[in-house]
Each structure stands twice: as C-alpha cells, then as structure tokens.
K.L.:
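Got a structure for you, written out below as structure tokens; questions coming shortly.
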Amino acid sequence: MRYLLLIYDNEQEGAKTQEAEFPSWMEYTKKLQESGKMLGGEALKPVSSATTVSKSTGKLVVTDGPFAETKEQLGGFYMIEAKNLDEALDWAAKMPNIHRGRVEVRPIMEFDSP
C-alpha cells in the first residue's frame, strides 16, 4: 500500500537547525531509497511562497500565503510503499525532525483501472 509521510514543522524552529540536520535528512532519504520503499518525495519552499486558490460566491479568490495559519507548516513529503500502517509509522518515527515536528501518515487511495 502507498502512503504519504507529510512532514510538519515550525519553519522558524526548523530554520535554526536546518544546516545541522541536513546530513541526517540525506541519510534518512538514502536508507529509504535503499530499502526500496521510497516512491518519491520533495521538500517544499517556505509558506511565505504559497498561494491559496478558492471560489467564493462564484468568484475565484487568490490569496498570498497558506490555507491555514498554524504553528506548524507542511515542509515536504515522502511517498512510500509499505506492507501496512505499522511499517509506514516505523519510517515516520525515524525522521530527523520527529523530536520537534510531526509526521502525518496518510494512505493513498487506490483506484481500479479499467
């Protein structure tokens, strides 16, 4: 089953340790790739670069910034293949920022193809 590991962290706190943590993130990514479980992943630019699109009363509304103002921001994700939720949770628990941030583990919907 495929899962997204959505990485949430406080951008300001993460920026303080970003340089020091970078090798840990590269090692984590390497282990995930070598396991054959990694299907993809990306780091995201800061929320200050986000744009939110919605439709209100029939009009398109484009707003600078993220959808929600929160303490923690989505900073990136990994897409993995895991046998089950327990295996996905195990990979999430190994992330370098787990002591400070959060990882949302979400199954990806699978659709039958015709």
Side-chain angles (χ1 to χ4, degrees):
M1 179 161 212
R2 293 180 305 152
Y3 291 87
L4 275 184
L5 307 181
L6 301 161
I7 306 161
Y8 289 90
D9 203 346
N10 180 303
E11 280 185 358
Q12 292 175 341
E13 292 298 313
K16 294 175 187 175
T17 60
Q18 183 177 14
E19 193 172 319
E21 278 185 357
F22 189 75
S24 298
W25 281 106
M26 293 298 97
E27 183 64 26
Y28 175 82
T29 301
K30 182 179 176 185
K31 286 179 182 178
L32 195 52
Q33 289 169 329
E34 289 173 348
S35 76
K37 300 293 180 180
M38 186 168 167
L39 301 175
E42 297 292 341
L44 302 176
K45 290 190 175 190
V47 294
S48 60
S49 66
T51 305
T52 301
V53 179
S54 62
K55 203 165 197 177
S56 178
T57 62
K59 292 185 179 186
L60 192 63
V61 178
V62 178
T63 309
D64 289 339
F67 169 68
E69 296 290 331
T70 62
K71 232 172 37 167
E72 295 176 333
Q73 294 79 33
L74 177 62
F77 67 92
Y78 289 93
M79 184 189 307
I80 66 168
E81 180 74 35
K83 293 181 289 194
N84 52 40
L85 178 60
D86 288 337
E87 184 180 25
L89 293 173
D90 185 52
W91 280 106
K94 294 175 183 173
M95 285 198 187
N97 74 324
I98 199 68
H99 63 282
R100 180 187 64 243
R102 299 179 193 279
V103 180
E104 178 182 343
V105 178
R106 189 177 304 185
I108 296 174
M109 291 181 85
E110 303 289 351
F111 296 97
D112 293 332
S113 36

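No hydrogens, no waters, no symmetry mates; every other heavy atom, side chains included, goes into these values.
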K.L.:
Do Thr52 and Val62 have side chains that get closer than 4.5 Å, going by heavy atoms?
P.N.:
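Side chain of Thr52 against side chain of Val62, heavy atoms only: no contact under 4.5 Å found.
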
K.L.:
Quick one: pull up CD in Gln73 and OG in Ser48 and give me the separation to the nearest 0.5 Å.
P.N.:
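Nearest 0.5 Å value for the CD-OG distance: 10.0 Å.
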
K.L.:
Write down the atom of Pro23, the atom of Glu19, and the distance for their closest heavy-atom approach.
P.N.:
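Looking at all heavy atoms of both residues, the closest pair is CD-O, 3.6 Å.
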
K.L.:
Working to the nearest 0.5 Å, report the span between CG of Asn97 and OG of Ser24.
P.N.:
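Separation between the atoms: 10.5 Å.
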
K.L.:
Checking the side chain of Tyr3 only, and the main-chain atoms of Leu85 only, is there a donor and an acceptor separated by less than 3.5 Å?
P.N.:
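Side chain of Tyr3 to backbone of Leu85: a pair is present.
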
K.L.:
Count the heavy atoms belonging to other residues, nucleotides or ligands that lie under 6.0 Å from CD of Glu110, then report whether that count exceeds 12.
P.N.:
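Above 12, so yes.
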
K.L.:
At their closest point, which heavy atom of Ala88 faces which heavy atom of Ala82, and how far apart are they?
P.N.:
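Shortest heavy-atom contact: N-CB, 3.9 Å.
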
K.L.:
Might you point out which heavy atoms bring Ile98 and Ala93 nearest each other, and give the distance in Å?
P.N.:
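In terms of heavy atoms, the two residues are closest at CG2-O, 3.6 Å.
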
K.L.:
Between Asn10 and Arg100, does a side chain to side chain contact (heavy atoms under 4.5 Å, CB included) hold up when you go through it step by step?
P.N.:
CA-CA 8 Å; Asn10 180 303; Arg100 180 187 64 243; 6.0 Å; no

K.L.:
Under a single-linkage definition using a 4.5 Å side-chain heavy-atom cutoff for Ile, Leu, Val, Met, Phe, Trp and Tyr, are Ile7 and Leu89 assigned to the same hydrophobic cluster?
P.N.:
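Linked, Ile7 and Leu89 end up in one cluster.
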
K.L.:
Restricting to pairs with a member in residues 80-93, which pass salt bridge (charged side-chain N to carboxylate O under 4.0 Å, His left out), not counting sequence neighbours?
P.N.:
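Sorted pair list: Lys37-Glu87, Asp90-Lys94.
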
K.L.:
State, with a plain yes or no, whether a side-chain heavy atom of Pro107 is found less than 4.5 Å away from one of Met1.
P.N.:
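Touching, per the 4.5 Å side-chain cut-off.
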
K.L.:
Answer whether the closest heavy-atom distance between the side chains of Leu60 and Val53 falls below 4.5 Å.
P.N.:
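Side-chain contact under 4.5 Å: yes.
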
K.L.:
Under the side chain to side chain contact (heavy atoms under 4.5 Å, CB included) criterion, do Trp91 and Val105 qualify, and how do the steps go?
P.N.:
CA-CA 10 Å; Trp91 280 106; Val105 178; over 6 Å; no

K.L.:
So, using ring pair (Phe, Tyr, Trp, His ring centres under 6.0 Å) as the criterion, who are the partners of Tyr78 when residues are at least two apart?
P.N.:
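Here the qualifying residues are Tyr28.
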
K.L.:
Say you draw a straight line from CZ of Arg102 to CG of Asp9; how long is it, rounded to the nearest 0.5 Å?
P.N.:
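Going from the CZ atom of Arg102 to the CG atom of Asp9 covers 10.5 Å.
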
K.L.:
At their closest point, which heavy atom of Val61 faces which heavy atom of Ser56, and how far apart are they?
P.N.:
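Heavy-atom minimum between the residues: CG2-CB, 4.0 Å.
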
K.L.:
Linking directly or through intermediates, with side-chain heavy atoms under 4.5 Å: list the remaining ILVMFWY members grouped with Tyr8, chain and number order.
P.N.:
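Tyr8 shares its hydrophobic cluster with Leu4, Leu6, Leu39, Leu44, Leu74, Phe77, Met79, Ile108.
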
